[in-house]
Amino acid sequence: MQAWQVHENGEPSEVMRLHDVERPTPGDGQVLLRVRAANVNFPDALLCRGQYQVRPPLPFTPGVEICGETEDGRRVIANPALPHGGFAEYALADARALLPAPDALDDAEAAALHIGYQTGWFGLHRRARLEAGETLLVHAAAGGVGSAAVQLGKAAGATVIGVVGGADKAAVARRLGCDVVVDRRSEDVVAAVKEATGGRGADVVYDPVGGEAYAQSAKLVAFEGRIVVVGFASGTIPSPALNHALVKNYSIVGLHWGLYNTKNPKLVQRCHEELTELATRGAIKPLVSERVPLAEAAGAVQRVADGVTTGRIAVVLENGAVA
């Protein structure tokens, strides 16, 4: 079979190489899946760079989120078991963690439903307790993680403000359903959000960026608001001033979604059931901005690493259905 492999750490376009390799053999509790589509995530770039919290042995195949097919023909969503990731014709996965792919989504959309939407659901509902009628601010609203949070926020009945970088991404954020869009490249984010909220700020801030975005979040969060720290795509990990949280009465909550797979896997299943229901009635639909063949996976990962994409890029194999 063909599989992309990383033999040394570095930039994805430089260290990912397409090879002919043997199909992986499932270990205890694992299954072999035929990959139909693999979603490109920022962690794939971090894996290539050796900067992710999980460091598989070299060589490894990146690709942490797939829509695959079991030997008996079931279409499933899975997080491949590294080092046998999803940018390959076949991947391994934990048999107990397989989730049914919603019929309402094609392979590329189904592959993109899992990590970003589970993160959004846990962040907004489990950690921030977002309520209908509240205001949600989403940083990087046109990106893969942000676009999921925008759709989930709208589905929950919130007013959604999206912060983006550039006119093209602003247009995407509007199509996703943002009530207000702020272009950080041409507008003062703090002033624009204050104006849009009558000076009150946002009840919930969803931040997968860190750095300057977090500094803005602290200025924009409302009284008794919640800042959900999802990641640090900017590459800068902020150091919050806790005295500021004290005098302004807001909460800073962290979210490491992967922990729920071991700490409370039943909640992951419940979340998937809710996401499937939302997808079935059209309330959410992963924004797949680009579909590429397996041969172009390295370039796709590099573009995500460079922050020049909107929505999701999906690697779709010839055996996978394309809408």
Side-chain angles (χ1 to χ4, degrees), residues 37-45 64-65 67 77 102 104-106 108-125 128 130 135-185 189 202 204-210 213 228 230-234 255 257 271 274-276 278-279 281-292 300-301 303-315 323:
N39 180 44
V40 181
N41 286 270
F42 190 67
D44 293 315
V64 297
E65 183 177 40
C67 175
I77 295 172
L105 304 179
D106 67 25
E109 293 163 345
L113 181 72
H114 194 37
I115 297 175
Y117 282 85
Q118 287 258 346
T119 299
W121 187 90
F122 276 91
L124 298 180
H125 296 294
L130 178 69
T135 297
L136 167 66
L137 172 68
V138 180
H139 288 287
V145 174
S147 62
V150 168
Q151 292 184 355
L152 289 168
K154 292 299 295 180
T159 297
V160 180
I161 301 173
V163 178
V164 299
D168 291 345
K169 293 187 177 183
V172 171
R174 292 189 186 94
R175 290 199 299 271
L176 285 166
C178 285
D179 299 282
V180 178
V181 177
V182 180
D183 184 350
R184 59 179 172 79
R185 293 183 181 176
V189 174
V204 175
V205 180
Y206 192 80
D207 183 10
V209 179
V228 186
V230 183
F232 313 104
S234 68
L255 175 64
W257 169 75
C271 173
E274 294 203 15
L275 293 176
T276 298
L278 288 170
R281 61 183 174 92
I284 61 172
K285 185 181 181 69
L287 172 61
V288 180
S289 57
E290 190 177 354
R291 292 169 166 85
V292 302
V301 177
R303 292 198 297 279
V304 170
D306 293 340
V308 297
T309 61
T310 58
R312 295 294 193 183
I313 300 180
V315 176

So which atom in [X] and which in [Y] form the shortest heavy-atom distance, rounded to 0.1 Å?
X    : Y    : result
R184 : V189 : CB-CG2, 3.6 Å
V228 : G123 : CG2-O, 3.8 Å
S147 : L176 : CB-CD1, 3.5 Å
G153 : L130 : CA-CD2, 4.2 Å
G210 : S234 : C-OG, 3.5 Å
V230 : P208 : CB-CA, 4.0 Å

E109 side chain to V288 backbone, donor-acceptor under 3.5 Å: no
Side chain S289, main chain T310, donor-acceptor under 3.5 Å: yes
In Å, rounded to the nearest 0.5 Å, how long is the span from [atom1] of [X] to [atom2] of [Y]?
X    : Y    : atom1 : atom2 : answer
I115 : R312 : CD1   : CZ    : 7.5 Å
W121 : L278 : CH2   : CG    : 10.5 Å
L287 : R175 : CG    : CZ    : 7.5 Å
L137 : T159 : CG    : OG1   : 12.0 Å
Y117 : I77  : OH    : CD1   : 11.5 Å
L124 : T119 : CG    : OG1   : 10.0 Å

Is any side-chain N of the basic residue among [X] and [Y] closer than 4.0 Å to the acidic one's carboxylate O?
X    : Y    : answer
R303 : E290 : yes
D179 : R174 : no
K169 : D183 : no

Compare all side-chain heavy atoms of [X] with those of [Y] and state whether any distance is below 4.5 angstrom.
X    : Y    : result
L275 : Q118 : yes
V138 : V160 : yes
V172 : V164 : no
L152 : L136 : no
D44  : V64  : yes
N41  : V304 : no

Trace of the salt bridge (Lys or Arg N to Asp or Glu O under 4.0 Å) decision for K285 with D106: CA-CA 10 Å; K285 185 181 181 69; D106 67 25; over 6 Å; no
side-chain contact (heavy atoms from CB on, under 4.5 Å) evaluation trace for Y206 with V145: CA-CA 10 Å; Y206 192 80; V145 174; 3.8 Å; yes
Residue pair L255, F122: steps toward the side-chain contact (heavy atoms from CB on, under 4.5 Å) verdict: CA-CA 8 Å; L255 175 64; F122 276 91; 4.0 Å; yes
side-chain contact (heavy atoms from CB on, under 4.5 Å) against A233, all qualifying residues, sequence neighbours excluded: none
Exceeds 12 heavy-atom contacts within 6.0 angstrom, atom CG of D306: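 Counting neighbours around CG of D306, more than 12 heavy atoms of other residues, nucleotides or ligands fall under 6.0 Å, so yes.
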Verdict with reasoning, L105 to L113, per side-chain contact (heavy atoms from CB on, under 4.5 Å): CA-CA 9 Å; L105 304 179; L113 181 72; 4.0 Å; yes
